[in-house]
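Note that the coordinates shown come from a computational prediction; the quantities given were computed from them, not determined experimentally. Each chain gets a letter, A, B and so on, in the order the sequences are listed, and its residues count up from 1. Worth knowing before you read on, the calculation uses all heavy atoms, side chains too, and leaves out hydrogens, waters and symmetry mates.
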Amino acid sequence: MITIANAQLWVHDQDEALAFYTEKVGLEVRADVTLPEMGGFRWLTVGPAGQPDMAIVLMPVPGPPLMDDDSAGQVRALMAKGYAGTIFLATDDCWASYEELTGRGVEFVETPEERPYGIDSGFRDPSGNHLRLTQVRDLATL
Amino acid sequence: MAFVPPARHLLRAKDLADARYAEPLGVEDLARAAGLSRAHFSRAFRAAFGEPPHVYLLTRRLERAAALLRTTDHAVADICFSVGLKSLGSFTTSFTRTYGMPPAAYRAAFPPAADRALVPTCVLRAYGRPQRRTFGEDSSRAPV
C-alpha cells in the first residue's frame, strides 16, 4: 500500500513560515532539524494534529550547488506571483475554521462560499503559496 | 527579514481582482492594493503576469459570467451586473468576442449544472478564464 507522507512548499523564510503555520493555521511541528554538516540546512516539517503520518515540508529555496542562482531567482519570482505551490486543507466546519484563522490574523483571499462539492475558502501563506480550506460535502447527501 | 520580490505586492492586486470582481473595482483600486502609481502598476502587472490589469479584471468577470450562465438560470442582464460589469451592451459584445457566441447561445450549448464533475471552483476559475487577444471593449474585430 502506498500513502502520501510529505508534500513540499517553497518558502522565503523558514522562521516566518513556521510561525505562520503553527501560530496562525494551527498545525504542529513534526521535525525541525538543522544539519551543520550540510551547510546549516534545516529540515522543517509541520502537520495537522489529527494526521500524524502526513506533513508539509517547508523548504527554503536552495542556492548553489543544488540550485544555481538564476534558477533560485526564478523560483522566488514564481513564488511571489503565487504560481509556486498549492495545498488543499480539509476542515469539518469551514466557517468555524475561517473565523478561527481570521482571528489569528490570516488574510483570506476567498471567504467561505457554498460550492457543489462543499464550503470552500482560500488564503495565502507569507510566501504567496495558495492554501485552500474546504469542508467537503458528504456526497451521499447530494 | 525575508527577501520578498516586488511581484508579491502585485499578487495582492491580483487576489483583490479575484475576490472582489463583483464590486465596482477598477485599476486604480488594484494599484492602491499594490502600493504603486497607476501607470507604474499597469506596466509592472503586465510584466509579471503577461497581461494588463484591466484585461485581467475583465476576463475574470467574463469567466464568472460564463460560469453563472452554465450553472444558474439567472437572467443574462442580472449576470452581467452581478459580475461587476455596468453595461449590458458592452458585456454582450465582449462576451461574444471572447467565447465566439452570445451569452444565451453559450448557455444553451452547455448541459445542466448537475452533470458537471465536482472539480474545485478555484481550479475552474483558474483554468476557465478566457484569454483576451484584443484590447478596446468596443472594437468590432472578430475573435482571433
What part of A:Thr111 gets within 4.5 angstrom of chain B, counting heavy atoms only: side chain, backbone, both, or neither?
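Neither part; nothing is under 4.5 Å.
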Is it the backbone or the side chain of A:Phe88 that comes under 4.5 Å from a heavy atom of chain B, or both, or neither?
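Contact with chain B involves the side chain of A:Phe88 alone.
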Can you get from [X] to [Y] by hopping between Ile, Leu, Val, Met, Phe, Trp and Tyr side chains that sit under 4.5 Å apart?
X        : Y       : answer
A:Val29  : A:Trp43 : no
A:Leu89  : A:Met54 : no
A:Met79  : A:Ile56 : no
A:Met67  : A:Met59 : yes
A:Val106 : B:Leu16 : no

NE2/A:His130 to CG/B:Asp15 distance, rounded to the nearest 0.5 angstrom?
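The CG atom of B:Asp15 is 8.0 Å from NE2 of A:His130, to the nearest 0.5 Å.
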Nearest heavy-atom pair of [X] and [Y]: which atoms, and what distance?
X        : Y        : value
B:Leu11  : A:Lys81  : CD1-O, 3.5 Å
B:Ala19  : A:Val109 : CB-O, 3.1 Å
B:Cys122 : A:Glu110 : CB-OE2, 4.3 Å

